[in-house]
There are 2 protein chains.
Amino acid sequence: MARRADQERIAQKREQIAAQAGRLFAAQGYERTSVAEIATAVGISPASVFYYFNDKAALFRAVFERDLPAAEALIARHADAKEPVSAILDVLGELAKDAIDPGASGMLVELLRRAEHDPDLIAVVGRTSEVVRDGLAVLIVRGIDDGDIDPALDPIQTATWLQAIVDATYLNARPGYSPLPELRRTAMGYLTTFPSQGVDHRD
Amino acid sequence: MARRADQERIAQKREQIAAQAGRLFAAQGYERTSVAEIATAVGISPASVFYYFNDKAALFRAVFERDLPAAEALIARHADAKEPVSAILDVLGELAKDAIDPGASGMLVELLRRAEHDPDLIAVVGRTSEVVRDGLAVLIVRGIDDGDIDPALDPIQTATWLQAIVDATYLNARPGYSPLPELRRTAMGYLTTFPSQGVDHRD
DNA sequence: GTCTATACTCGGATAGAC
DNA sequence: GTCTATCCGAGTATAGAC
């Protein structure tokens, strides 16, 4: 029983450290944030941080390991929606919700940069983004079946592109301004612009 | 005359150093690229690099100072186009062209990171992106006047959003795959989706 | 488990000879 | 202008006491 209690306590401490690390990484960047700084924010010594995490890179990954359950819940919540297109817009809106938070943009940028040379990190965020991508693809297929989405679109490729658009909202984030209208209009226009509508045939 | 020759020689050397720096920053990131490494790539000593640039941050900015003339030329080239919408798509295509180059994505990410705490860098890239944004806005206004673009759209805000979409193509870049079709379809859908078309009024 | 103290490495920047 | 040599600060990670 003591064993179990210890495990939980360790998990809590890891969570606490990861939270502070995430905050500081987002605000200052990975390299510009020292382990000593994170330790101070938590109220422990640098050495203690290394007791809970093997190295600094593991600390960064921990921040994103927390996202997977949230992504799974989000997709599950909309999987059985009656209106696929509407569900897609809702999912995108949820994903972009954090974009309003200043610092979320910084964290995305930091993630993209580090993902290029940390295979373990790629694995962590890859799982999360696959869950979202596949969930969106399923909705796209249903939207096509319903005749609401252009059947010429490839579901997986389109889902990937929609995720990229969400990333764009993060990059475009500014305080006191919500990118949701642009996002919805963009996705809507992309999904439902049938070739016959998009091209001008006047003569 | 000797004075002029020297100036040109210095400019050439600066250009040479900036080119190597850009390549390495894109591939490895700013902090992970040492000045010594850049110096080696050019074939000079680290001290010589500091003869041409005050510090490492100035070296990074130099990479982007070269973009302004190109942006001005791009906008000027399309300013008098007969078909505004078509011109906008062409401009976006040109902007996204570099996205195919592996490493361009890395450089964008690096830029976004560093821009947050280097005011001088913000000034440098700000000028370039303003030129593009204003150029696009002018085309959008003309597209609205022609009745090809939804008049409900705010030109400046829309131009800014289109730039964000271009950034998204960089993030979505993968080798052997061009994001141009997605980009064109997205912009087209966004600009020309009139509210009366976008909403389904079946009953 | 958490600390203090520190070993070790590395990178930016400068001094001063040539 | 370009070099060699070097200073200095910072940061990761570890050793070992408690």
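Lettering of chains follows the sequences in order, A, B, ..., and the numbering in each one begins at 1.
Residue-level contact check: B/Y52 touches the backbone only, with heavy atoms under 4.0 Å from sugar-phosphate atoms and none from bases. Here A/S34 lies in heavy-atom contact (under 4.0 Å) with sugar-phosphate atoms only.
Remark: side-chain polar atoms of B/R185 are paired, donor with acceptor, to backbone N or O of A/T193 under 3.5 angstrom. With B/R142 contributing its side chain and B/A81 its backbone, the two residues share a donor-acceptor pair below 3.5 Å.
In this structure, B/Q12 places its CD atom 12 Å from P of D/dG1, rounding to the nearest Å. Between B/D55 atom CG and C/dG12 atom C1' there is a gap of 10 Å when expressed in whole angstrom units. With rounding to whole Å, A/Y30 atom OH is found 11 Å from D/dG11 atom C1'. Between the C1' atom of D/dG1 and the CD1 atom of B/I17 lies a distance of 11 Å, rounded to the nearest Å. Computed from coordinates, the B/Y51 OH to D/dT4 C1' distance equals 18 Å when rounded to whole Å. Atom CZ in A/F53 sits roughly 15 Å away from atom P in D/dT14 (whole-Å rounding). Rounded to a whole Å, the CG atom of A/L24 is 13 Å from the P atom of D/dG11. Here the P atom of nucleotide D/dT12 and the NZ atom of A/K56 are 4 Å apart, to the nearest Å.
Cation-pi contact between B/R114 and B/Y30: present, with separation from the ring centre below 6.0 Å and deviation from the ring axis of at most 45°.
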message = Using the rule given for side-chain hydrogen bond (donor to acceptor under 3.5 Å, both in side chains), can you reason through B/Q20 versus B/R23, listing the C-alpha separation, both sets of side-chain angles and the distance that settles it, and then say yes or no?
response = CA-CA 5 Å; B/Q20 291 300 322; B/R23 201 174 52 79; 2.7 Å; yes
request  = Go through the steps for B/R32 and A/H117 under the test side chain to side chain contact (heavy atoms under 4.5 Å, CB included), then give the verdict.
outcome  = CA-CA 11 Å; B/R32 296 176 69 96; A/H117 40 67; 3.5 Å; yes
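Checked against C/dG1, D/dT12, D/dG1, the side chain of A/D6 finds its nearest nucleotide in C/dG1. Closest to the side chain of A/V35, out of C/dT14, D/dG1, D/dT12, is D/dT12. Comparing D/dC3, C/dT2, D/dT14 against the side chain of A/S48 picks out C/dT2 as the nearest. Distance from the side chain of A/F50 is smallest to D/dT12 among D/dT12, C/dG12, D/dC3.
For the pair B/R9 and D/dT2, the criterion of a side-chain N or O lying under 4.0 Å from OP1 or OP2 is met. Taking 4.0 angstrom as the limit, A/S45 places none of its side-chain polar atoms (N or O) nearer than this to OP1 or OP2 of C/dT2.
Annotation: of the two residues near DNA chain D, A/E31 and A/A47, the 5′-most nearest-nucleotide partner is A/E31.
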